[in-house]
Q: 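My questions will all concern the structure given below.
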Amino acid sequence: MKLARLNSDSLLPRFYRLAVINTLSNIMIPLSGLVSVAFLGHLTEIRHLAGVAVATVLFTYLYRLLHFLRMERERRLKL
């Protein structure tokens, strides 16, 4: 069985496509919190806005912590 050779012509577009998708997925988590704060900023009571802001910070922290743990686990499995 012949293995297909990867040349730079086929590798770079694939790399850029994956890089763009990864970048967009990393941008979406903080962006969701920003959109929530923008919508709740129109309310009259500030406590709703403060609650969503704190929840956004906690959600982003938890998401990134779990993402780090997943990457660490995958790294250890490859060793």
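FYI, the numbering just counts along the sequence from 1.
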Q: Side-chain atoms of residues 61-68: list all donor-acceptor pairs with protein atoms under 3.5 Å, sequence neighbours left out, distances to 0.1 Å.
A:
none

Q: Counting N and O atoms only, with roles assigned by atom type, does the side chain of Thr60 sit under 3.5 Å from a partner on the main chain of Val57, one being a donor and the other an acceptor?
A: no
Q: To the nearest 0.5 Å, tell me how far Tyr16 OH sits from Ile21 CD1.
A: 15.0 Å
